[in-house]
Amino acid sequence: MSLDFHKLARKWQRRWKAQRVFESDPSDKPKFFLTTPYPYVNGLLHIGHTYTYMRVDAFARFKRMRGFNVLFPFAWHATGSPIDTAAKKVAENEPGQLNALKLMGFKDEDLPAFKEPLHWVKTFSREAKKDLMRYGMSIDWRREFVTTDLNPRYSKFIKWQFNTLKKKGFVVQGEHPVVWCPKENAPVGDHARAEGEGETPQEMLLVKFKTDGHVFPCATFRPETVFGVTNVWVNPDLTYVEAVVDGEHWMVSEPCVRKLLDQKHDVKELKRRKGSELVGAKVRNPVTGVEVPVLPAFFVSADTGTGVVMSVPAHAPFDWAALKELQDKGMPDAQNLKPVSLIQVEGFGEFPAVEVCRQLSIADTKNARLEEATQLVYKKEFHTGKLKQNTGKYAGKGVQEVKPLLIADLKAEKKAAVMFELVGKVVCRCLARCHVKIVDNQWFLKYSDAQWKQSAMKCLQQMKLYPDKVRGQFEYVLDWLQDWACTREVGLGTNLPWDKHWKVESLSDSTIYNAFYPVIQHLKKISLGKVNDKLFDYVFLGVGNPDDLGVDHKLLDDARREFLYWYPVDFRNSGKDLVQNHLAFYIFNHVALFPEQLWPKGIGVNGYVTIGSKKMSKSKGIFKTLRQVIETFSADVTRVSILSSNEEMNDVDWDSEVAESMKAKLEQWYDFALKFYGKNGVSGGREIDRWMEHQLHSAMRDATVAMDETLYRTAIQRGFFDVQRHLKWYSRRTAGQMSQQVLTDLVELQTLFLAPFTPHVCEEVWSKLGKSGLIVNEKWPLFDGNKVNVQLEQVEDTMARTLDDVQQVLKLAKVEHPKLITLFVAADWKVLLCRKVKELVVQTRDIGQVMKSVMVDFKDRAQEASALVQKFVKDPSRIPLASAHQEAEFQNLVDAVAFLKEVLNCSVEVIKEQDSSELKAKQAMPGKPAILVK
RNA sequence: GCGGCGGUACCGAAGCGGUCAAACGGGCUGGAUUUAGACUCCAGCGGCUUAGUGCCUUCGCAGGUUCGAAUCCUGUCCGCCGCACCA
């Protein structure tokens with residue numbers, strides 16, 4: 001029979017909604033508050049989102065069944081620039097953007113509306129909500145909200161948060177370098193680049209080589225090599241600008257002027273000069289005082305640094321190659337220049353650059369391997385190099401150590417300036433070339449603050465992490481986080497309360513919004529004008545006098561009480577990508593704003609979703625929206641397939657084959673449950689019934705432990721796959737004569753167990769079993785510890801292995817139609833001997849000693865016993881595991897005779913070893929009956 | 001480079017000192033059932049052997065500790081993720 005999972009889903013979702021089962025209000029029960037980062041509403045939800053949400057949902061349902069009053073709320077994130085940008089692109093009819101919308105299923109006539117950012121927010125939050133409801137999420141939708149000033153109450157909440165942080169000194173103003181697009185006039189993050197992902201501003205030093213009137217600022221990442229400068233390079237083909245920079249006359253390339261301006265230098269252009277005009281000048285090394293010539297080099301780029309470079313042929317392959325070129329051409333100024341060595345490095349002689357060029361056969365500046373040579377020399381020198389005698393006070397120290405000292409000295413002596421530069425080319429999506437700008441008056445959250453860090457660390461230490469192995473990552477991140485630029489000039493959001501030209505940046509307005517869920521329903525009843533900082537102070541912190549707020553006291557107290565009831569958050573789950581930003585901020589901002597008892601209690605982190613083991617990628621077509629998978633496989637099948645795929649921080653895989661198989665298994669389980677519940681059974685009480693009970697209850701025990709840790713794969717394996725497998729065996733073993741009691745127990749427990757994973761089909765089964773209430777409100781399966789008995793497992797294992805062995809023997813002996821099979825059960829003395837040897841062997845491996853203490857008890861069968869002892873001491877792994885007494889083993893085999901007869905299709909007899917004169921009988925070992933086939 | 005997590009059979013993955021040729025799921029092979037498929041059931045999926053046994057090879061690679069190692073130690077190689085101004 002094929003089940004209509006979709007129909008079931010709709011049916012039970014309607015009931016849940018009608019009965020408001022997920023609408024949670026404070027009560028006397030202990031609470032459990034779960035959240036997950038709200039999605040950014042610029043598109044449809046995909047299966048990546050949903051794995052994360054599903055983990056929360058399964059946990060919410062589990063905790064509900066464990067007797068907690070559970071709250072799982074949800075909201076929408078609209079802060080930031082992507083929606084804004086996308087809306088603008090629609091307004092400009094940008095084809096790529098229009099196409100993206102069409103791919104999501106929107107028709108041509110739908111598109112114009114997307115010119116409005118608000119339309120994006122409304123559309124995608126509505127669609128996402130539909131999807132999540134169809135997915136069976138146990139969300140309390142009454143608390144839904146959206147961020148930004150589209151939601152004035154939320155904006156007021158953010159303003160309160162920032163005002164409070166500022167009062168505590170955690171919001172500070174400053175400047176910092178960013179990758180900047182000069183066309184869009186905005187910072188360009190990694191995701192918004194056409195080229196240059198991963199490039200970050202690097203500090204370059206501009207070492208001031210001077211003529212009498214002019215400064216040649218040589219841009220370098222290796223200032224320590226200043227001791228080995230033989231000359232300065234300029235590119236004769238470039239145009240240089242002579243400009244007054246911070247009061248000095250500098251020579252720099254054209255593009256450099258804009259960079260200097262953007263990096264807070266005072267720049268006045270005087271005139272432009274061809275690079276070739278500069279060649280031949282003499283400049284003085286500010287550190288050594290040596291005068292060196294300015295020479296031409298075509299490898300010098302206008303876009304990097306200043307277009308002026310110092311030449312260190314001993315340690316820089318480019319410089320050596322360029323110098324050699326000039327010398328070969330016979331340039332007079334270059335003739336007498338010799339490399340000056342200043343770094344001693346293992347494995348190289350005096351001039352590493354010269355050596356490497358020779359090794360790689362580099363003879364000129366056009367050689368493609370120059371970059372490689374540079375890296376080679378640089379890495380080696382940086383890590384193992386020591387400065388030579390000609391470096392004055394730095395002599396004898398390592399390069400790594402000297403570098404920061406030298407930089408500090410040069411800066412202090414004004415012999416060098418600083419410039420931020422991008423090592424690789426960065427191009428904005430708008431196709432403009434980016435450079436580094438120092439943004440002024442930027443507001444920061446001061447995550448570098450030592451005290452603040454300490455509190456955050458304390459919070460982390462007290463927190464439960466799912467799984468705990470992320471702890472190391474969190475510790476690293478909390479320590480590493482520096483001040484975070486928390487304001488933006490563009491995009492949607494909330495204005496910074498004290499400086500309206502800034503908006504609160506999108507990650508920074510999302511750190512403590514969990515606190516908004518408990519109070520939102522109360523806030524809605526308060527007129528907007530009354531919602532202010534004082535009100536939040538009272539509701540969240542209990543500070544201030546409610547009389548001053550002009551609001552009905554009952555409303556205030558309800559809000560305060562509800563906040564205190566739900567807070568802190570017990571479990572917040574997200575993908576592992578948010579550890580280094582959102583989740584870290586979440587910790588920081590909580591500890592800054594709330595008293596310790598309201599700090600977060602638990603964070604869950606999970607891996608990504610792959611599709612057919614491949615990383616999701618829209619452009620490669622490896623992508624599925626949530627609605628696609630639900631439509632194909634239904635909510636229940638999707639849920640259990642993904643959750644059973646993997647756990648901890650491993651990626652889970654969406655595999656249609658697995659989903660297909662899961663669907664079949666669920667159908668089978670459904671049929672089984674309805675068919676066997678409360679009927680068809682026998683009275684039971686046999687060993688095998690107890691065995692099945694043992695398997696069931698120990699599985700439930702393990703599954704419960706796993707659920708508490710959100711280890712869903714383990715839970716599903718124990719609670720579902722293992723139990724199904726054992727059930728199959730049980731059915732075979734009893735020839736279908738299963739105990740009614742056992743079956744009833746099993747169906748109930750398993751239905752309850754599956755409810756967090758496949759809630760719809762479980763509701764259906766539950767109701768068909770004749771239960772009156774909804775399964776969501778039922779108690780989680782309580783396993784009965786009395787029914788767990790490992791002995792039963794051993795005995796049954798013996799039985800199963802015996803069957804295997806008999807079949808094996810039949811095959812090997814080539815007996816197709818046996819008449820009689822006799823099983824001999826090992827005598828009790830063997831059981832005792834095994835136990836004894838097992839104990840002894842841990843203490844000593846001396847055969848004599850073991851023998852001595854064992855033989856005391858086995859004098860009457862010295863020969864057999866000593867043979868066994870010898871064998872066991874030699875290889876303790878051969879000591880049989882089974883420790884059941886002969887009687888138990890015997891009884892179970894006798895019980896199984898009917899079954900064995902049926903399977904083997906011949907007579908079967910079971911005899912105790914000591915009751916037989918057959919030679920074979922002596923081979924019997926505990927847990928391993930001897931077998932005789934006739 | 002820095003930090004985190006990993007490398008186990010065809011794939012995913014469990015195991016974390018003896019019960020390990022290695023759970024479980026997918027896949028595959030053979031057989032039963034079936035009009036045929038799907039589903040289901042049984043047997044099997046390192047090699048050679050064998051009255052249920054024994055031996056060899058295998059848990060990234062190389063060493064070591066131990067009576068005994070997939071599991072502990074050391075070294076080494078490889079993969080994935082993050083390294084920020086932002087969803």
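Quick caveat, the model's predicted, so the values are computed rather than measured. Note on naming: letters A, B, ... go to the chains in the order of the sequence lines (proteins, then strands), and numbering restarts at 1 for each one.
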Please determine, for the side chain of A/D722, which listed nucleotide (B/C85, B/C24, B/A13) has the closest atom?
-> B/C24
Do we see a donor-acceptor contact under 3.5 Å between the side chains of A/S448 and A/D483?
-> yes
What integer number of Å spans the P atoms of B/G25 and B/A62?
-> 33 Å
So what does A/L481 touch, heavy atoms closer than 4.0 Å: a base, only the sugar-phosphate, or nothing?
-> base
Quantified in whole Å, what is the C1' atom distance between nucleotide B/A9 and nucleotide B/A22?
-> 9 Å
Return the 5'-most residue of the pair A/V178, A/D805 with respect to RNA chain B, ranking by each residue's nearest nucleotide.
-> A/D805
Answer with base, sugar-phosphate or nothing: what part of the nucleic acid does A/P467 contact at a heavy-atom distance below 4.0 Å?
-> nothing
Tell me whether the OP1 or OP2 atom of B/G12 has a side-chain N or O from A/N646 closer than 4.0 Å.
-> no
Would you classify A/K469 as touching base, sugar-phosphate or nothing, given that sugar-phosphate means primed atoms plus P, OP1 and OP2, and contacts are heavy atoms under 4.0 Å?
-> sugar-phosphate
Pairs under 3.5 angstrom, nitrogen or oxygen only, protein versus nucleotides 26-32 of chain B, please.
| unit_1 | atom_1 | unit_2 | atom_2 | d |
| --- | --- | --- | --- | --- |
| B/G26 | OP1 | A/S661 | OG | 2.9 |
| B/G26 | OP1 | A/K665 | NZ | 2.5 |

Which is true for A/R713 with a 4.0 Å heavy-atom rule: it touches a base, it touches only sugar-phosphate, or it touches nothing?
-> sugar-phosphate
Without hydrogens or angle criteria, can the side chains of A/Q750 and A/W669 be said to hold a donor-acceptor pair below 3.5 Å?
-> yes
When rounded to whole Å, the CD to C1' distance for the pair A/E647 and B/C24 reads 11 Å
Going from CE on A/M616 to CD1 on A/I47, what distance comes out if it is rounded to the nearest 0.5 angstrom?
-> 5.0 Å
Test item: A/K403 side-chain N/O and A/F221 main-chain N/O as donor-acceptor pair under 3.5 Å = yes
Compute the ring centroids of A/F633 and A/W654, then answer whether they are less than 6.0 Å apart.
-> yes
Could you check how far CG of A/L666 sits from P of B/U40, rounded to whole Å?
-> 12 Å
Closest to side chain of A/W480, choosing from B/A87, B/A84, B/G6 = B/A84
P-based separation of B/A69 from B/G18 [nearest Å] = 11 Å
Just name whichever nucleotide pairs with B/C2, Watson-Crick or G-U, keeping both distances under 3.5 Å, else none.
-> B/G82
If the sugar-phosphate is the primed atoms plus P, OP1 and OP2 and the base is the rest, what is the B/S/- string for nucleotides 46-51 of chain B, using protein heavy atoms under 4.0 Å?
-> ----BB
Length of the line joining A/F672:CZ and B/C41:P, which is rounded to integer Å | 13 Å
Integer angstrom distance from the C1' of B/U8 to that of B/C24 = 14 Å
So A/D653 and A/S645, side chain to side chain donor-acceptor pair (under 3.5 Å) or not? Walk me through it.
-> CA-CA 6 Å; A/D653 188 42; A/S645 160; over 6 Å; no
Both distances under 3.5 Å, Watson-Crick or G-U wobble: report the partner of B/A43, or none.
-> B/U29
Can you check whether A/V436's main-chain N or O pairs, donor with acceptor, with A/Q263's side chain at less than 3.5 Å?
-> yes
Give a yes/no on whether any side-chain N or O of A/K614 is located under 4.0 angstrom from OP1 or OP2 of B/G12.
-> no
Per atom distances to the A/K615 side chain, the nearest of B/C81, B/A87, B/A14 is B/C81
Please determine, for the side chain of A/L578, which listed nucleotide (B/G82, B/A87, B/A84) has the closest atom?
-> B/A87
Is there a donor-acceptor contact under 3.5 Å linking the side chains of A/T610 and A/D651?
-> no
Any strand is fair game: report the nucleotide pairing with B/G12 by Watson-Crick or G-U wobble, both distances under 3.5 Å, or none.
-> B/C24
Separation of B/C83 C1' from A/Q482 CD (nearest whole Å) | 12 Å
How many Å lie between CG on A/L3 and C1' on B/C39, as a whole number?
-> 13 Å
Assigned partner base of B/A38, Watson-Crick or wobble definition, under 3.5 Å = none
With a 4.0 Å cut-off, would you call A/D804 and A/R801 a salt bridge?
-> no
Determine the contact category for A/R725: base if any of its heavy atoms lies under 4.0 Å from a base atom, sugar-phosphate if only primed atoms, P, OP1 or OP2 are that close, otherwise nothing.
-> sugar-phosphate
Please state how far atom CZ in A/F585 lies from atom C1' in B/C83, giving the value in whole angstrom units.
-> 13 Å
When A/W484 is tested against each of A/F585, A/F444, A/Y447 for ring pair (Phe, Tyr, Trp, His ring centres under 6.0 Å), which residue passes?
-> A/F585
If you check the A/Q473 side chain, which of B/A87, B/G4, B/C39 turns out closest?
-> B/G4
Nearest-nucleotide pick for A/R732, side chain only, options being B/C85, B/C42, B/C24 = B/C42
P-based separation of B/G52 from B/G60 [nearest Å] = 33 Å
Using the P atom on both, measure B/G7 against B/G44 and round to a whole Å.
-> 29 Å
Write down the partner of B/G75 under the Watson-Crick or G-U wobble criteria, each distance required to be under 3.5 Å.
-> B/C61
Between the side-chain atoms of A/N42 and the base atoms of B/A87, is any donor-acceptor pair under 3.5 Å?
-> no
Hey, is the main chain of A/E647 close enough, under 3.5 Å, to the side chain of A/N650 for a donor-acceptor pair?
-> yes
Answer with yes or no after comparing the ring centroid distance for A/Y53 and A/F74 against a 6.0 Å cut-off, counting only values under it.
-> yes
From the list A/L3, A/V637, A/T638, side-chain contact (heavy atoms from CB on, under 4.5 Å) with A/K663 holds only for A/V637
Across the strands shown, which category fits A/D509 at heavy-atom distances under 4.0 angstrom: base, sugar-phosphate, nothing?
-> nothing
How would you label the contact of A/D653 with the nucleic acid (heavy atoms, under 4.0 Å): base, sugar-phosphate, or nothing?
-> nothing
Please state how far atom CD in A/E505 lies from atom C1' in B/C86, giving the value in whole angstrom units.
-> 6 Å
Say you pick atom C1' in B/C45 and the same atom in B/C10; how far apart are they, in whole Å?
-> 10 Å
Has A/K728 got a side-chain N or O lying under 4.0 Å from the OP1 or OP2 atom of B/C41?
-> yes
Is there a Watson-Crick or G-U wobble partner for B/G18 with both distances under 3.5 Å, and if so, which one is it?
-> B/C67
Let me know the distance between CG of A/N650 and P of B/C5, rounded to the nearest Å.
-> 13 Å
Pick the C1' atom in B/G4 and in B/U74, then give their distance to the nearest Å.
-> 22 Å
